[in-house]
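Just below is one structure, and these are the notes that go with it.
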Amino acid sequence: MKTFYVTTPIYYFNGEPHLGHTYCTVASDALARYKKQRGYDVKFLTGADEHGQKVERAAAEAGVSPQQWCDDLAVKYKAAWQMLDIEYDYFQRTTNPAHMAAVQKIFKKLYDQGDIYKGSYEGLYCTPCETFYTESQLKDADGKVNLVCTAEGCGRPVERISEECYFFRLGKYQAQLEAHIEANPDFISPPSRRNEMINNFLKPGLTDLCVSRTSFKWGVPVDFDPGHVMYVWVDALPNYATALGFMSDDDSDYKKYWPADVHVVGKEITRFHTIIWPCILLALGEPLPKMIFGHGFLQIEGKKLGKSLGNAIAPAPYVEEFGVEALRYYLLREFAFGPDGNLTHDGIINRYNADLANDLGNLLSRTVGMVEKYFGGELPDISAPSPYDADLTALAAAMVPKVEAHYDKLQFSDALNEAWNLVRRANKYIDENAPWAMAKTIDADPTKRAELANVLYHLAEVLRIMAIVSAPVLTRTPDVIRAQLGITDAALATWESAKDFGALPRGVKVEKGLAAFPRVEKAAEVKG
Ligand code: MSP
């Protein structure tokens with residue numbers, strides 16, 4: 001069986017999960033679910049980045065030990081992912097002793113082979129952003145040095161620090177990395193990120209990277225030099241490999257799933273994943289991940305939401321108001337995956353009412369309602385074609401490969417739009433056939449009876465197919481659809497069966513249930 005390994009970043013444990021984390025995790029989850037549907041043996045990893053000064057400080061402010069702080073947050077993150085129907089396979093934590101032992105081995109190996117060496121670092125440092133600057137990086141247009149952090153939205157003072165530290169010879173691997181990027185066009189995706197990485201970081205040239213710190217304690221110790229702890233990225237990036245047992249006694253999962261198929265990451269950490277991580281892997285002689293996908297940032301009602309900036313908006317109130325599926329659907333349908341997006345409360349309502357309540361929810365309730373009303377809940381096993389059948393079935397057949405191509409490229413919005421074209425076409429098919437008019441004469445006219453059965457059968461087939469292709473994103477409704485259409489045969493729920501319009505046996509028996517996606521009104525406000 002083919003394997004598929006997808007990861008989210010491990011989230012900084014300096015605060016609770018917010019909508020930005022949700023975006024990244026929901027997208028990765030949708031991809032993992034889709035690949036499972038396509039028959040892959042999928043491993044889906046998420047987790048926690050628990051070391052570093054920010055975490056140490058946050059714990060101190062809360063008056064608890066860093067470990068306690070992280071343990072408490074792990075519970076909150078796991079609860080959030082459960083609330084969002086995230087089906088991860090493993091939750092990695094960088095305080096996990098197995099991870100710590102493995103990164104110590106990595107560090108030592110790189111040191112022994114001369115790729116890590118000891119030196120000293122002088123620079124200007126922004127603690128909240130954990131970013132070093134040289135003076136020239138902080139010069140304004142007039143050449144004046146401003147001692148403030150230039151990270152988007154930060155602007156806080158930087159501190160001048162000088163520290164003994166270990167360096168990783170990043171520059172040594174530049175040519176090899178460039179050749180890899182050249183030979184593997186999807187390695188950095190989407191193409192806009194690839195260009196950004198090449199122009200902003202590779203063209204100016206890579207310099208060696210400081211990989212240890214002595215100014216804080218909360219990190220993985222450099223075991224051969226007490227006083228040094230590993231600087232976050234060298235601890236964090238290998239989590240993707242250590243979660244599979246890399247550098248441990250049992251690396252069978254590593255052998256099976258590595259290299260990762262996709263690291264899904266936000267745009268601001270694309271550089272670490274496309275440059276530093278690959279160079280570490282090149283130094284270790286390990287294969288590189290197949291793709292790093294750098295997605296855009298979400299704003300909430302036009303405001304930034306970010307790691308050092310506060311303004312962290314929790315997903316829970318949105319789930320309470322709209323339901324988990326609506327939030328997942330909105331996040332993946334409303335914004336192309338790649339560029340930035342702006343989430344708005346009104347936008348969720350509009351999208352929910354249009355796509356979920358009116359298009360899909362109505363199609364289900366109308367179809368089931370008509371089977372009940374006109375045929376007492378069970379379609380007769382008869383059929384007379386409608387002139388509109390061919391168009392509908394052709395659209396359905398063409399839709400599935402297009403949806404596949406979009407999901408494969410992490411273009412969730414296009415995949416969903418393509419799938420919803422079928423729902424919209426089916427609603428038009430109802431108007432074209434006017435089943436209510438056919439129904440008037442079904443008792444007296446067997447042809448009309450067969451025509452009506454045919455129309456309703458086609459609608460049931462569309463719903464069966466929609467339940468399959470929407471399942472990466474809608475985690476519950478597909479089962480609701482199948483239950484209402486009386487579909488119990490698992491063979492009718494496989495991805496391949498979505499390509500087989502007509503697989504549903506005639507004689508559909510329906511069971512009306514609660515309406516999927518009842519409409520919501522704009523007056524409602526998100527609480528909290
Ligand atoms: N700990 C590092 C990642 C280490 S991976 C080896 C980190 N953590 S983070 O919690 O700050 O961010 C995690 C992810 O959340 C990143 O991919 C980031 O882009 C994403 N998001 C944080 N805010 C976001 C938005 N407002 N919108 C979309 N994604 C955002 O970086």
Q. S497 and I468: side-chain contact (heavy atoms from CB on, under 4.5 Å), yes or no, with the steps?
A. CA-CA 9 Å; S497 79; I468 296 168; 3.4 Å; yes
Q. Does the ring of F297 carry K267 above it, NZ/CZ under 6.0 angstrom from centre and within 45° of its axis?
A. yes
Q.
For the aromatic rings, using the six-membered ring if either is Trp, is the centroid distance between F13 and Y77 under 6.0 Å?
A. yes
Q: Locate the shortest heavy-atom distance separating V508 from Y457; write the atom from each residue and the value.
A: CG2-CD1, 4.2 Å
Q.
Can you confirm if the NZ or CZ of K43 lies within 45° of the ring axis of F4 and under 6.0 Å from the centre of its six-membered ring?
A. no
Q | Contact list for residues 177-193, test salt bridge (charged side-chain N to carboxylate O under 4.0 Å, His left out), sequence neighbours left out | A | R193-E196
Q | Separation of D261 CG from K290 NZ (nearest 0.5 Å) | A | 4.0 Å
Q: Decide whether a cation-pi geometry holds between R271 and F201; the criteria are a distance under 6.0 Å from NZ or CZ to the six-membered ring centre and an angle within 45° of the ring axis.
A: yes
**Q.** Aromatic contact, F337 with F412 (centres under 6.0 Å)
**A.** yes
Q | Considering all heavy atoms, the nearest F44-T25 contact | A | CZ-O, 4.0 Å
Q) F91 and W81: aromatic ring centres closer than 6.0 Å? A) no
(Q) Between Y257 and Y254, is the ring centroid distance below 6.0 Å? (A) no
Q: State whether the number of non-hydrogen atoms from other residues, nucleotides or ligands found under 6.0 Å of E496 atom CD is greater than 12.
A: yes
Q | Intermediate values then yes/no, side-chain contact (heavy atoms from CB on, under 4.5 Å), W218 and V229 | A | CA-CA 8 Å; W218 184 241; V229 293; over 6 Å; no
Q | Heavy-atom closest contact (V264 atom, H295 atom, distance) | A | CG1-CD2, 3.9 Å
Q: Check A102 against M247 and note the closest heavy-atom contact, atom names and distance.
A: CB-CB, 3.9 Å
Q: Could you tell me which non-hydrogen atom of G296 sits nearest to which non-hydrogen atom of Y23, and how far apart they are?
A: O-CE2, 3.8 Å
Q: Quickly, which of L463, L504, L392, T367 forms a side chain to side chain contact (heavy atoms under 4.5 Å, CB included) with H458? Name it, please.
A: L392
Q. In terms of side-chain heavy atoms, does N358 have a donor or acceptor partner in R424 at a distance below 3.5 Å?
A. no
Q: For residues S413 and F335, report the shortest heavy-atom separation together with the two atoms involved.
A: CB-O, 3.7 Å
Q. Would the number of heavy atoms belonging to other residues, nucleotides or ligands and lying under 6.0 Å from NZ of K512 be above 12?
A. yes
Q) Is there a donor-acceptor contact under 3.5 Å linking the side chains of R425 and Y429? A) no
Q) Quick one: does NZ or CZ of K35 land under 6.0 Å from the six-membered ring centre of Y40, within 45 degrees of the ring axis? A) yes
Q: First locate atom CD1 of I292, then atom CD1 of I269, and finally report the distance between them rounded to the nearest 0.5 Å.
A: 11.0 Å
Q) In terms of heavy-atom contacts, does NZ of K409 have more than 12 from other residues, nucleotides or ligands at under 6.0 Å? A) no
